Visitor: 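Got a structure for you, questions after.
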There are 2 protein chains.
Amino acid sequence: MNASRSPVRQSSVRAHNLALVLQTVANSADRPSRAAISAATGLTRATVSALVDDLIAGSLLTELDPAPRTGAGRPAAGLALTPDGPGGLGLEINVDYLGACVADLTGEVRHRFVTRADQRLLPPAAALAALRELAAQASAAAAADGIELAGAALAVPGLVAPGGLVRVAPNLGWQDVDVPALLGLDLPLTVDNEANLAALGELGAGDGTPTFLYVSGEIGIGAGIVLDGELYRGGRGWSGEIGHVTVYPDGRPCRCGADGCLEQYAGQEAVAADPELAASALGIALSAVVNLLDLGVIVLGGGYAPEFDRLRDGIDAELRRRVLTAGLAPVALRPATLGADAAMRGAAGVVIGAVRDDPASWLARPQAV
Amino acid sequence: MNASRSPVRQSSVRAHNLALVLQTVANSADRPSRAAISAATGLTRATVSALVDDLIAGSLLTELDPAPRTGAGRPAAGLALTPDGPGGLGLEINVDYLGACVADLTGEVRHRFVTRADQRLLPPAAALAALRELAAQASAAAAADGIELAGAALAVPGLVAPGGLVRVAPNLGWQDVDVPALLGLDLPLTVDNEANLAALGELGAGDGTPTFLYVSGEIGIGAGIVLDGELYRGGRGWSGEIGHVTVYPDGRPCRCGADGCLEQYAGQEAVAADPELAASALGIALSAVVNLLDLGVIVLGGGYAPEFDRLRDGIDAELRRRVLTAGLAPVALRPATLGADAAMRGAAGVVIGAVRDDPASWLARPQAV
DNA sequence: GCCAAATAATTCAACCAATAAACAAATCCG
DNA sequence: CGGATTTGTTTATTGGTTGAATTATTTGGC
């Protein structure tokens, strides 16, 4: 029992059950009927009917032709998420890349706008103005499709504090940038670390594994920790800084001030220069992660994905040697399935995920006339 | 919204609100009145009254003299957890130590039984038989106090699989021991890692910090990760194996088969032999933890607690140098407040914590005539 | 071609739990 | 002593789920 510190009233029951029904549809491979939902959730058919009516009226679900079925009986009405309901705006700002995309409730990316340009040459305000331009294009495209944007999320390669303040983004040269104010969108905006959002993108696109470590190897190295389908953000929101885990205590000096950080052995140039060293260093750092967090699946993304075959064996050797539980349960290594868009797609996914997790709030939103 | 995969009905509402009221009383420094609970939770006074009646009838709460108050108005009735309600049996088996204790609902340790003997000389069945003896003494003492035991929890220095199977306990020499079967208690039994339960013990005894890393330095080194008042058990239940985090990749061979594990530099003998080396190695490994999990508080327990003053500066130096966010938010080091009993007390705490988290299930338990 | 069986979805009375508002109880203060 | 004040309880109402009965729509047997 999760005794969170808020009272529960009947309306919370309805809110919970609305979410339960919506998620059941979302996680279902086929198009479930009301009866199937009833069986899957344990709610009665009467209740499911009432909830589904609300979700259809709020254009979160639609009735479709039923999934083919054999045998007698009245045919079911198939239910599915609407592509015409709310959508999410995913944004990304990176060293040489600016992007915006729109995903609909089903998770499909409907529009995608990307600009390649070196953001390090621009002051934050200018970079964010350019991003606002992309966001406006994406919003217009969404509106043309009849998609109402429920919010936006932005991926940045840096440390983000509550309220969307970017404390440090070393590779952009940013420090203490108030992103929501400078971006000035008229949508609720979430700002999060690039690796975190990429991990969530991978969660949505992957094979359903709910618990894994996503490692993103760009110029810096970041990681997103996904536990049971949810992102672990750490005590203060700055988890996953695997790039600065010490691999060789007296090794190469790092620009962070310490010596022997993983980033110096498995960053983009290091991988190109010496893949074997990179793999071994990565393996040592990943062993520490697994010993501490006991994650059974590690997904290599960003710049690591194309190098996967070159890195795999070296990493694996260290894992087998250094992970205490390696004999009891193996650790699986996988390349990421999404490419450069992972973080942007994850960002859009966060927005629609929020609607799917709490449809009641969305249905009760103050409606624009 | 936590859309867990189960339906919610009205009775769940009541269950949740019962827990909410009970926890409000438990977390309150004074003895709150019904009206104070109403104000704290947002439930109406009428609802709180009804819930409190149930909790009093089930002897989880008692009415006491009110906390002194000034001003007009009918005096309040103070509410507090009953010391005569359900209790928890905490058990511990360790290398040279066997223990059992009884904690009442308030968290107070009412009885404590300890045997010092080297368990490595005994086969698991014999050790567990001795523990059963202690458990029986503790149960008898609890019954004499009118405490009904809600369950038992056992701390073991090893890796525990679901169902209470101890896969490996290297320092006991155990492998694949079916503890619940061999122990044969007539209570629901939870088996968990010693460091995990010690971390929870520290959570209950400490200053209220809800998120921290507990490091237990015995012959082996274990850690418990506490996030927001809950234990993080990892993907498969084997988190916190900090003792086998690599500190020096080509360093001293460890009995686990790898080289340069923390345990070889900061285990009990190593601390005694070279405290500076131990502190530095510990600092390197803890930096990795903080970079990965962003924990702001680290509690040093077990054998580290008495050595705290000797270790502190060395650890701190590495943390300041190697933690990426050290400049943004400091990492606090603290000695544990509980001594050798931490795990046993944590175990008892787990049992009463379960009752406090879900009083409805306890109230609806099948009553022994 | 029609009727029985089967499955899907809806309707309706009953029930459970929280709410709001009125009421009763017990104290303080002028 | 009486009004103000705060606590706790009582009562009618509301919201939401349940369970049973009902309606709807198909397949398959005769």
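In what follows, chains carry the letters A, B, and so on, assigned in the order in which the sequence lines appear, proteins first and then strands, with residues in each chain numbered from 1. Fair warning: this is a prediction, and the values are worked out from it, not measured in the lab.
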Visitor: In whole Å, what is the span from the CG atom of A:Asp54 to the P atom of C:dT10?
Guide: 12 Å
Visitor: Hey, does the side chain of A:Ser33 come within less than 4.0 Å of C:dT7's phosphate (OP1/OP2), counting only N and O?
Guide: no
Visitor: Need one value for B:Arg9: base, sugar-phosphate or nothing, where a base atom within 4.0 Å counts as base even if backbone is also close, heavy atoms only.
Guide: sugar-phosphate
Visitor: So how far is it from A:Leu189 CG to A:Leu91 CG, rounded to the nearest 0.5 Å?
Guide: 7.0 Å
Visitor: Given atom NE2 of A:His16 and atom P of D:dG15, what is their separation to the nearest angstrom?
Guide: 21 Å
Visitor: Quickly work out the B:Arg31 CZ to D:dT7 P distance and round it to whole Å.
Guide: 17 Å
Visitor: Using a 4.0 Å heavy-atom cut-off across all strands, classify B:Ala46 as base, sugar-phosphate, or nothing.
Guide: base
Visitor: Rounded to whole angstroms, how far apart are CD1 on B:Ile37 and P on D:dT9?
Guide: 12 Å
Visitor: Distance check needed: C:dA9 P versus A:Leu51 CG, whole Å only.
Guide: 14 Å
Visitor: Rounded to whole angstrom units, what separation is found between the CZ atom of A:Arg45 and the P atom of D:dA20?
Guide: 11 Å
Visitor: Between A:Ala36 and B:Thr47, name the one whose nearest nucleotide on DNA chain C is closer to the 5' end.
Guide: A:Ala36
Visitor: Is the shortest side-chain N/O distance from B:Thr44 to OP1 or OP2 of C:dA18 below 4.0 Å?
Guide: no
Visitor: If you check the A:Ala35 side chain, which of C:dA9, C:dT19, D:dG8 turns out closest?
Guide: C:dA9
Visitor: Under 4.0 Å: is that the gap between some side-chain N or O of A:Ser49 and OP1 or OP2 of C:dT10?
Guide: yes
Visitor: For B:Arg31, is there any backbone N or O sitting under 3.5 Å from a side-chain donor or acceptor partner on B:Ser28?
Guide: no
Visitor: Any side-chain donor paired with an acceptor under 3.5 Å for A:Thr82 and A:Asp84?
Guide: no
Visitor: Quickly work out the A:Gln10 CD to C:dA20 C1' distance and round it to whole Å.
Guide: 13 Å
Visitor: B:Glu63 CD to D:dT9 P: how many Å, rounded?
Guide: 8 Å
Visitor: Looking at the side chain of B:Pro75, which of D:dT18, D:dG8, C:dA26 is the nearest nucleotide?
Guide: C:dA26
Visitor: For the side chain of B:Arg110 and the backbone of B:Ala141, is there at least one donor-acceptor N/O pair under 3.5 Å apart?
Guide: no
Visitor: When you check the phosphate oxygens OP1 and OP2 of C:dC16, does a side-chain N or O of B:Arg14 lie under 4.0 Å from one of them?
Guide: no
Visitor: Where is the tightest heavy-atom contact between A:Thr211 and B:Gly235, given as atom of each residue plus distance?
Guide: CG2-CA, 4.0 Å
Visitor: Does B:Ser139 use its side chain to pair, donor to acceptor, with the backbone of B:Ala135 at less than 3.5 Å?
Guide: yes
Visitor: Between D:dT17 and A:Asn17, is there an OP1 or OP2 to side-chain N/O distance shorter than 4.0 Å?
Guide: yes
Visitor: For the base of C:dA8, is there a side-chain donor-acceptor partner from A:Arg34 under 3.5 Å away?
Guide: no
Visitor: Could you encode protein contacts along nucleotides 1-6 of chain C as a string, one character per nucleotide from 5' to 3', using B for base contact, S for sugar-phosphate-only contact and - for no contact, with a heavy-atom cut-off of under 4.0 Å?
Guide: -----B
Visitor: Compare every heavy atom of A:Ala142 with every heavy atom of A:His111, then report the nearest pair and how far apart it is.
Guide: CD2-N, 4.2 Å
Visitor: Can any side-chain N or O of B:Ser38 pair as donor or acceptor with the backbone N or O of B:Arg34 at less than 3.5 Å?
Guide: no
